[in-house]
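The structure appears right after this line, and notes come after that.
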4 protein chains.
Amino acid sequence: MSLREKKAARKKEDILRSASLVIARNGYQNATMEDIAAELLMTKGSLYYYFKNKEELLYECHELILSGAMERLEALFLENLSSKEKMQKAIKIHVDLVIKEKEVFNLIGKPEQIFSEENIWKVLQKRDEYAGIFDKIINEGVAEGEFVIHQKKMARMIILGAANWVQVWYSPEGKYTKEEVEEIYAEYLLKILM
Amino acid sequence: MSLREKKAARKKEDILRSASLVIARNGYQNATMEDIAAELLMTKGSLYYYFKNKEELLYECHELILSGAMERLEALFLENLSSKEKMQKAIKIHVDLVIKEKEVFNLIGKPEQIFSEENIWKVLQKRDEYAGIFDKIINEGVAEGEFVIHQKKMARMIILGAANWVQVWYSPEGKYTKEEVEEIYAEYLLKILM
Amino acid sequence: MSLREKKAARKKEDILRSASLVIARNGYQNATMEDIAAELLMTKGSLYYYFKNKEELLYECHELILSGAMERLEALFLENLSSKEKMQKAIKIHVDLVIKEKEVFNLIGKPEQIFSEENIWKVLQKRDEYAGIFDKIINEGVAEGEFVIHQKKMARMIILGAANWVQVWYSPEGKYTKEEVEEIYAEYLLKILM
Amino acid sequence: MSLREKKAARKKEDILRSASLVIARNGYQNATMEDIAAELLMTKGSLYYYFKNKEELLYECHELILSGAMERLEALFLENLSSKEKMQKAIKIHVDLVIKEKEVFNLIGKPEQIFSEENIWKVLQKRDEYAGIFDKIINEGVAEGEFVIHQKKMARMIILGAANWVQVWYSPEGKYTKEEVEEIYAEYLLKILM
DNA sequence: AATGAATGAGAATTCATTCAT
DNA sequence: CATGAATGAATTCTCATTCAT
C-alpha cells in the first residue's frame, strides 16, 4: 500500500468514525450526508469521493465496528480462560461496544429497512458470525459442564438482546459508570446459563 | 360522548391500528402518511382531520398500545399470584406485545429521535409507568424473599431489554411458536432474579 | 370518466404541452423539472403528483405527440387519394409536426440515451408504428406502379430523415413560411420515389 | 513548433479522438469528463491542462472532425469530375462521416444548447462553410445544366438532413454495409437534383 | 504534466402538511 | 367529513471545475 493509499484509507476511517458519531446522535435516517460532512468540516460532495452513496457509507461503518469487536472477542480464545470467564469478558466487550457505538450498532436490528438487496445478506452474515462467537462460548461451556442450558440459541438471544438495550438507557451522567454496568450485566446474564 | 364523537373515536382507533401495522412493517420513518392512509382506503389528507400531524398519530399509537399492555399487567395484581408467577406472566405479556407490535413498540427505544419536546416527556413518563409495574413485581418479590437481587433496576432493564430484542429475530415461520418463546423467556429470565 | 378525472386529464395534458415547449426550447437534459413547472406557474413538487418522474413525463409527451400525428396520418387512408397524393400529404403532416414540436420530436432519434429499459421498447415500437404508415404508403404506391423504388425502407429513412432536419434550421422569421417548406419538401422528396 | 509543443499537440488530438468516441457512445450531456479521461487512462484533472473546459473540448472536437471532412470534400474539386459525380462522392463522404462520428456530428444540430455565446457563432460559421461546399457543387451543376432545381438551399438541406439521419438507424450489424448505404444514399438523393 | 482531493452549484425526488371545495 | 391538488423544504446524488503537490 502506497503512502497515498494509506492516507486515503485513513481518511476513509476518519469519515467512518465521524459518521458513526453523527448516526449515533441522530439515528440513521436523521443523519444527513450534510451533517456527517459538517462534522468533518468537509462538504457533502466530498463524501461521495470516498463512498458511492449513503448506504455504502453506512455499510462500511457497520463493517468496521463489527470487525473490531470480533477481533476483541476472538482474542479471548487465545487466553487460557474458563467458559464462564470467557462469557463474562465477552459480555463486557459487547456492552462496551453497544455504549460506544450506540445507533450504529443498533441498526443491526432491522437491516432490511436500511440496506438494499446487495448488502443485506453480507450484513446478516456478519451479524451471524458475530453471534456465532457467543454460541461457541456457550457450546464449549455446555460441553465442559460449566453451563447448564437447553435452549442455547435462545440463551444467546437473551444475552445479546439484554446487552443491546443498554444503548437505550445508558448515560455517562447516570448513576453507574460504564464499567459498573459491564460488571453487573456480566454477572447477571451469566445466571441464565447456569 | 355524543354519537358523532363515538364514531370519530372508533375511526381514530381504526387509524391507529392501521398505522401500527404499517409502522411495524416499514419502520416509522419509512411509513409515509400515504401508506397509512392507503391501508385504510383513505387519502392522506383525511388523516389530518383526526390527528394534528404524524408525530401526534405516532404518539397516540404508542399510548394505545402501552395502555392496553398496562391494563393486562395490572390485572395480574388482582389475581392471587406469587411474585414468581406474576413475573413470569408479565414477561409473557411483554413478549406477546413485542411480537405483535414490533416496530411501534421498539420506538420506545429512542423517542428523542422522533418526538418533539412537548411529547417526549409524556412518552418517557408512560414508559416509566410501564417499567414501574415490573419494578413493583421485583420489589414485592424481594420483600417477600422470593427474589434475591441487588441491582433491581438493572435486572428490570435486562429483562425488558432481552424481551424487546425478540422483535428483531422472531418470525412466525421460525422454529418456535410465539407461545414457546414466551415460555422459554419467562423461564430463563426468571433466573436472573434468583 | 367523472368530472374530476376529466379535469385531471386536462391538467395532465396542459403539463405535457408546457413540457414540450420547454423541452423544445432547451433540450431534454437542460429542461429541469423546475423550468417545466415554472412555465405552468406551478412548483416542481406538483409535477410529481401527475407524473412519477421526469422520464415518465417525457414518455407521455412523446406518446401524446406521436399519437396525434398518427391519427392525422391514418386519416389519409380514409380519403380517396392516389399514393402520390397520400405521400405528399403525409410529408406535409410530418414537417408540420417537426416544426411545431421541435425537440420533443427529435429525441426520437436517440431514445436509448433518455429512456430506461421499461420504456425504451415502447418508444421504439411507437416509432416503428409511425414509420410503418409511411412504409405502407410506399408499398401501395409501388404495388400500383405509382412509385418506382427498390430500397423501400431506405427511401423512407431518407424522407423522414430529411424532414426531421427541418427542425434544425427552420425559423418562422426566415425566408420561407411553414407552408412553403411543406410544399417544397413534399415536392422534392417525392422525386426519390419515382 | 518545439518538440514539447508537438507532443502536446499530439496529446490534444488523442484526447479529442477519445472524447469523440465517448460522446458518440453516450451523447454529449451524458459523457462526463471522467468518462472521457478514463478512456485515455488519465484522470479528469489532466484534461484541464489541455482544454479550458468541457465546452472548449467539445468545440475542438467539432472543429477537428469538420475540418477533416472539409479537406476531403475540397479535394473533389481537384479531380476532374462532373457535378453529378462530385455530389455523389460528397454524399458518400458525408455519410461516412456521420456514421463514424455519430453524436459529435449530430450536435451540430442544436449548437445553441451546448455552446456559449463566444463559440456559437464560430460553430455556425464552420457549419455554413461545410454546407457551402455542397451549395457550390449544386450551383455548378445547375450552371452547367446537370442539375435542374429551383430551391437550391432547400435541396441541400434535404440532402444533408437525410444523410444526418443515417446516424440514428445505422448499425454495422444491420442489413447493409456502410458502403452500401453510401451508394444507395448517393443514388437516391441525387434524384432530388434532377 | 499529472493527479488526488475537494468543492459547490444544481438536479431529481420525497413527503408531511395545508386548504378549497 | 373527505378528497384532490398543491406546496416547499429537505435530501440524496452528480459533475464540471479548481488547486496544491
Side-chain angles (χ1 to χ4, degrees), chain A residues 2-5 7-8 11-12 15 29-37 40-58, chain B residues 4 7-8 11 29-37 40-58, chain C residues 2-5 7-8 11-12 15 29-37 40-58, chain D residues 4 7-8 11-12 28-37 40-58:
Chain A
S2 76
L3 182 66
R4 269 268 146 85
E5 279 167 335
K7 240 180 155 181
K11 185 88 195 185
K12 259 187 122 165
I15 295 176
Q29 311 262 13
N30 299 317
T32 70
M33 292 298 267
E34 189 115 28
D35 293 338
I36 295 171
L40 283 144
L41 307 178
M42 284 177 133
T43 56
K44 63 186 158 168
S46 308
L47 292 180
Y48 288 87
Y49 183 76
Y50 295 96
F51 302 93
K52 149 160 144 269
N53 54 32
K54 195 180 172 186
E55 185 187 332
E56 194 76 14
L57 174 54
L58 182 65
Chain B
R4 181 148 291 182
K7 242 179 151 182
K11 188 87 193 184
Q29 310 264 12
N30 298 318
T32 70
M33 292 298 268
E34 189 116 23
D35 293 337
I36 295 169
L40 282 145
L41 308 178
M42 286 177 130
T43 56
K44 59 181 165 174
S46 310
L47 295 179
Y48 287 84
Y49 181 77
Y50 298 96
F51 300 94
K52 179 159 121 255
N53 54 31
K54 195 181 175 188
E55 186 188 330
E56 193 75 16
L57 173 55
L58 181 66
Chain C
S2 76
L3 182 67
R4 270 267 146 86
E5 279 166 334
K7 240 178 153 181
K11 185 86 194 187
K12 260 187 121 165
I15 295 177
Q29 311 262 15
N30 298 318
T32 70
M33 290 300 265
E34 189 114 27
D35 293 339
I36 295 170
L40 282 144
L41 306 178
M42 282 178 135
T43 56
K44 61 185 159 169
S46 309
L47 293 180
Y48 287 87
Y49 183 77
Y50 295 95
F51 301 93
K52 148 159 144 270
N53 54 32
K54 196 181 172 187
E55 185 186 331
E56 194 76 15
L57 173 55
L58 182 65
Chain D
R4 182 146 292 182
K7 241 180 151 182
K11 188 88 193 182
K12 264 185 114 163
Y28 175 65
Q29 310 263 12
N30 298 319
T32 70
M33 292 298 268
E34 189 115 24
D35 293 337
I36 294 169
L40 282 146
L41 307 178
M42 285 178 133
T43 56
K44 61 180 164 174
S46 310
L47 294 180
Y48 288 84
Y49 181 77
Y50 297 97
F51 300 94
K52 181 160 120 252
N53 55 31
K54 196 181 174 188
E55 184 187 333
E56 192 77 15
L57 174 56
L58 182 66

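Bear in mind that the values here come from a model prediction, so they are computed numbers and not experimental data.
Taking atom CD on Glu55(A) and atom P on dT12(F), their separation rounds to 13 Å, with Å as the unit. The CG atom of Asp35(D) sits 8 Å away from the P atom of dA16(F) (whole-angstrom rounding). Separating the NZ atom of Lys54(D) from the C1' atom of dT14(F) is a distance of 11 Å, rounded to the nearest angstrom. As rounded to whole Å, 16 Å separates atom P of dG4(F) from atom CD1 of Ile15(C). Rounded to a whole Å, the OH atom of Tyr49(B) is 10 Å from the C1' atom of dA2(F). In this structure, Lys52(A) atom NZ and dT12(F) atom P are separated by 16 Å, rounded to whole Å. In this entry the distance linking CG of Leu40(B) with P of dT3(F) reads 11 Å, nearest Å. For the pair Ile36(A) CD1 and dC13(F) P, the interatomic distance rounds to 11 Å; values are reported in whole Å.
In terms of modelled atom types and a separation under 3.5 Å, the side chain of Lys54(C) and the main chain of Thr32(C) share no donor-acceptor contact.
Nearest heavy-atom pair, Ile15(C) versus Leu40(C), reported as atom, atom and distance to 0.1 Å: CA-CD1, 3.6 Å. Listed here is the closest heavy atom pair of Ala37(B) and Thr43(B): CB-C, 3.6 Å. When all heavy atoms are compared, the tightest approach of Leu47(D) to Met42(D) is CD2-SD, 4.1 Å. The shortest heavy-atom contact between Asn53(B) and Tyr48(B) is CA-CE2, 3.9 Å.
A heavy-atom distance below 4.5 Å is not found between the side chains of Asp35(D) and Asn30(D). Between Gln29(C) and Tyr28(D) the shortest side-chain heavy-atom distance does not fall below 4.5 Å. Counting heavy atoms from C-beta on, the side chains of Met33(A) and Leu57(A) come closer than 4.5 Å.
Closest-nucleotide positions on DNA chain F for Asn30(A) and Lys11(B) were compared, and the one nearer the 5' end corresponds to Lys11(B). Along DNA chain E, the nucleotide nearest to Asn53(B) and the one nearest to Ser46(D) differ in position, and the one closer to the 5' end is contacted by Ser46(D). Place Lys44(D) and Lys44(B) on DNA chain F by their nearest nucleotides, and Lys44(B) ends up nearer the 5' end. Nearest-nucleotide mapping onto DNA chain E: of Glu34(C) and Leu41(A), the residue sitting toward the 5' end is Leu41(A).
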| field | Secondary-structure string, 5' to 3', Watson-Crick or G-U under 3.5 Å, | for another-strand partners, for DNA chain E | value | .||||||||||||||||||||

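A nucleotide of DNA chain E counts as in contact with chain A when one of its atoms lies under 4.0 Å from a heavy atom; the first and last such, 5' to 3', are dG4(E) to dG10(E).
Between Tyr49(B) atom OH and Lys11(B) atom NZ the span is 11.5 Å, to the nearest 0.5 Å.
Across all strands, Tyr50(B) comes closer than 4.0 Å only to sugar-phosphate atoms, never to a base (heavy-atom distances). Residue-level contact check: Ala31(A) touches the backbone only, with heavy atoms under 4.0 Å from sugar-phosphate atoms and none from bases.
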